[in-house]
Amino acid sequence: MPKSRIRKKADYTPPPTKQANIKLQSSSWVAPVMLALFLLGLVWIVVFYVTGGSLPVESLGNWNIVVGFGFIAAGFAVSTQWK
């Protein structure tokens with residue numbers, strides 16, 4: 001029986017790497033706005049508890065806590081833009 005030919009396999013060469021042009025700088029307003037929203041939300045909640053509910057907005061009642069956490073959530077939303 002005849003012997004089959006042996007095929008020579010080419011050596012593996014990885015594909016060339018692409019040079020990505022990624023800008024890793026965030027705008028200058030992102031960090032200050034993020035921190036300001038975090039602090040505003042924290043201060044809003046602390047003032048509400050310290051004053052017994054009479055400040056910052058008395059007519060909102062316990063919804064002042066939701067407003068404070070809303071500011072904090074907005075800070076987290078802004079933080080997604082930070083690089």
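Index from 1, following the sequence.
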* Asked: Using links of under 4.5 Å between side-chain heavy atoms of ILVMFWY residues, direct or through other members, which residues join L39 in one cluster?
  ->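 Noted: L39 shares its cluster with no other residue.
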* Asked: So, for G61 and F48, which heavy atoms are closest and what is the spacing to 0.1 Å?
  ->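 That would be O-CE1, 3.1 Å.
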* To do: Work out which heavy atom in G75 is nearest to a heavy atom in M34; give both atom names and the distance.
  =>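 Smallest interatomic distance, heavy atoms only, reads O-CG, 3.5 Å.
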Answer with yes or no whether the hydrophobic clustering places [X] together with [Y]; edges join I, L, V, M, F, W, Y residues whose side-chain heavy atoms lie under 4.5 Å apart.
X: I65; Y: V46; value: no
X: L42; Y: L40; value: no
X: W29; Y: F38; value: yes
X: F71; Y: V57; value: yes

* **L37 vs F76 side-chain heavy atoms within contact, under 4.5 Å** =>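 SC-SC contact between L37 and F76 ruled out.
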* Asked: Are side-chain heavy atoms of W44 and F69 found at a separation under 4.5 Å?
  ->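 They are not in side-chain contact.
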* **From CG (L55) to CG (L60), nearest 0.5 Å** =>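 CG of L60 is found 12.0 Å from CG of L55.
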